[in-house]
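The chains referred to below are lettered A, B, ... by the order of the sequence lines, with proteins before strands, and numbering in each begins at 1. Fair warning: this is a prediction, and the values are worked out from it, not measured in the lab. In what follows, every heavy atom counts, from backbone to side chain, and hydrogens, waters and symmetry copies are set aside.
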Protein chains: 2
Amino acid sequence: MPGHALLELETFLPYRLSVLSNTLSQAIAKVYEKRFDLSVTEWRAMAVLGYCANLSAREVAERTAMDKVAVSRAVARLLAKGHIERGTARHDKRQSVLRLSEEGWKIYDQVAPLALEHEQRLLAHLNAEERQWLARILDTLWQAELVESKR
Amino acid sequence: MPGHALLELETFLPYRLSVLSNTLSQAIAKVYEKRFDLSVTEWRAMAVLGYCANLSAREVAERTAMDKVAVSRAVARLLAKGHIERGTARHDKRQSVLRLSEEGWKIYDQVAPLALEHEQRLLAHLNAEERQWLARILDTLWQAELVESKR
DNA sequence: TCATAATAGTTACATCTGAAACCATTCGCA
DNA sequence: TGCGAATGGTTTCAGATGTAACTATTATGA
């Protein structure tokens, strides 16, 4: 095809990242979606609340990189299922205060190890040197892209 | 939180890949969605057909990592817009044969350079050594994850 | 202190998406 | 040959998603 730009998907970074990340996320998701009836957004919210309790919905959105509508819906479903509890911030009645319930913790304690295990299985294919480079490179790209996207 | 697994999203590989890849894809998509009225799936199909013409829908699906329903719909819309042409395989009447139209090429020739440029802008933040490591690591993870996902 | 703007979160609507059912064609094999 | 299974592709339906509009509350500043 003379005269046309050469865009080869197989070696195109955004494409490769996208496919890799999707198959990876789905592989983990498949497990907890069936077994615990949790969507990806729901699990993300739970994951972040398991790591840091008493966040507002906005804070959950920031930390999960989901938008506030997605968080609102995930929170509604998690409340309905009894996986989280919601209070209101004393100093600002607009803000909610979210945390895992007793039940929520039980689920978290099953899903989190699964996720970590999957990550380890994947990282096992890399040696120590490669892991360090990967971490470093992701940091750099992350920074660069976040700056770009805010312009 | 004693006794609970420590899953920190900020350093969790699948999560980092997912966020990075999404912001990256969206950044590029935003441009051609507005300017050329193309969805991500539509552009993916065009990209692969620009690189290799006369593919069947199934082959497009394989190369774009989209499922066949998504491809079917993207193809339908691209046909309606006149961006691609469709024939039938001589040896198998079930299979379609897809290629960019004259019009399609005109759009491809504008979007592909944009995408490549965005990739270059991102890669500019990495030095030669980092780029090599990244390519190598992605290869490895790609292989590993595809094998996993097919089990 | 009051009016306006900004923020937290929800709702409504239109679009997108995936799973499963579906049709047409081809393959495998007795 | 011919019949059941497999394959390529489309349609349907139910659920997910993003944008924009909305309510309630708090911040700002004349």
Side-chain angles (χ1 to χ4, degrees), chain A residues 18-19 21-23 25-34 37-45 48-49 54-81 84-99 149, chain B residues 18-19 21-23 25-27 29-30 32-34 37-45 48-49 54-81 84-99 149:
Chain A
S18 164
V19 174
S21 131
N22 284 344
T23 55
S25 294
Q26 283 197 326
I28 309 179
K30 212 160 244 170
V31 177
Y32 59 70
E33 282 186 346
K34 299 293 171 196
D37 187 34
L38 280 178
S39 74
V40 175
T41 54
E42 285 161 27
W43 166 245
R44 285 232 170 126
V48 84
L49 289 174
N54 299 314
L55 297 175
S56 71
R58 185 185 55 74
E59 289 169 321
V60 170
E62 277 172 9
R63 286 171 184 251
T64 55
M66 308 195 291
D67 77 357
K68 64 178 184 171
V69 180
V71 171
S72 171
R73 289 195 262 241
V75 164
R77 284 190 301 256
L78 291 173
L79 281 171
K81 294 183 204 170
I84 63 174
E85 295 164 352
R86 173 165 64 181
T88 301
R90 267 191 223 85
H91 61 290
D92 185 342
K93 284 179 210 149
R94 293 171 304 180
Q95 286 183 39
S96 51
V97 177
L98 304 166
R99 77 196 80 77
S149 73
Chain B
S18 164
V19 174
S21 132
N22 284 344
T23 56
S25 295
Q26 283 199 326
K30 214 161 241 169
Y32 59 69
E33 282 186 345
K34 298 295 172 195
D37 187 32
L38 281 177
S39 73
V40 175
T41 53
E42 285 161 28
W43 167 245
R44 285 234 169 125
V48 84
L49 290 174
N54 299 314
L55 297 174
S56 71
R58 185 185 54 74
E59 289 169 320
V60 171
E62 276 171 10
R63 287 173 183 249
T64 55
M66 307 196 292
D67 77 357
K68 62 177 185 172
V69 180
V71 171
S72 171
R73 288 195 264 243
V75 164
R77 284 190 300 256
L78 291 173
L79 281 171
K81 294 185 203 169
I84 64 174
E85 295 164 352
R86 172 165 62 181
T88 301
R90 266 191 225 87
H91 61 288
D92 186 340
K93 285 177 208 150
R94 291 172 305 181
Q95 285 183 40
S96 51
V97 178
L98 304 166
R99 77 196 81 77
S149 72

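Nearest-nucleotide mapping onto DNA chain D: of H91(A) and V40(A), the residue sitting toward the 5' end is V40(A). Mapped onto DNA chain C by nearest heavy atom, K68(B) and S39(B) fall at different nucleotides, with S39(B) at the one closer to the 5' end.
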Requested in this report: Begin with the C-alpha distance, continue with both residues' side-chain angles, and end with the deciding distance and a verdict on side chain to side chain donor-acceptor pair (under 3.5 Å) for S39(A) and R73(A).
Outcome: CA-CA 11 Å; S39(A) 74; R73(A) 289 195 262 241; over 6 Å; no
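When only modelled atom types and interatomic distance are considered, R44(B) and S18(A) share a side-chain donor-acceptor pair under 3.5 Å.
One atom, CD of Q95(B), and another, P of dC23(C), lie 21 Å apart when rounded to the nearest Å. One atom, CZ of R77(A), and another, C1' of dG9(C), lie 16 Å apart when rounded to the nearest Å. As rounded to whole Å, 7 Å separates atom P of dG9(C) from atom CG of L98(A). Distance, R58(B) CZ to dA24(C) P: 22 Å, rounded to whole Å. Rounded to whole angstrom, the span from the CG atom of L78(A) across to the P atom of dT10(C) amounts to 12 Å. Following rounding to the nearest Å, N22(B) (CG) and dG18(D) (P) show an atom-to-atom distance of 9 Å. The distance from atom CG of D92(B) to atom C1' of dG8(D) is 7 Å, rounded to the nearest whole Å. W43(B) has its CH2 atom 21 Å from the C1' atom of dC16(C), to the nearest Å.
Listed nucleotides: dA8(C), dG18(C), dT26(D). Nearest to the side chain of D67(B): dG18(C). Here dT17(C) is the nucleotide among dT26(C), dG18(C), dT17(C) with the atom lying nearest to any side-chain atom of T41(B). The side chain of R94(B) has dT25(C) as its nearest neighbour among dT25(C), dT10(D), dC13(D). Out of dG8(D), dA16(D), dT11(C), the shortest distance to the side chain of V69(A) is found at dT11(C).
Not a single donor-acceptor contact under 3.5 angstrom links the side-chain atoms of R73(A) to the base of dG15(D). Residue side chain R86(B) does not reach the base of dG9(D) through any donor-acceptor N/O pair under 3.5 Å, judged by distance alone.
Using a 4.5 Å cut-off on side-chain heavy atoms (C-beta onward), T88(B) and V97(B) make no contact.
A side-chain donor-acceptor contact under 3.5 Å links K81(A) to the backbone of D37(A). Between the side chain of E59(A) and the backbone N or O of S56(A), at least one donor-acceptor pair lies under 3.5 Å.
One finds no side-chain N or O of S56(B) lying less than 4.0 angstrom from the OP1 or OP2 phosphate oxygen of dG8(D). Between S72(B) and the phosphate of dG9(D), there is no side-chain N or O to OP1/OP2 separation shorter than 4.0 Å.
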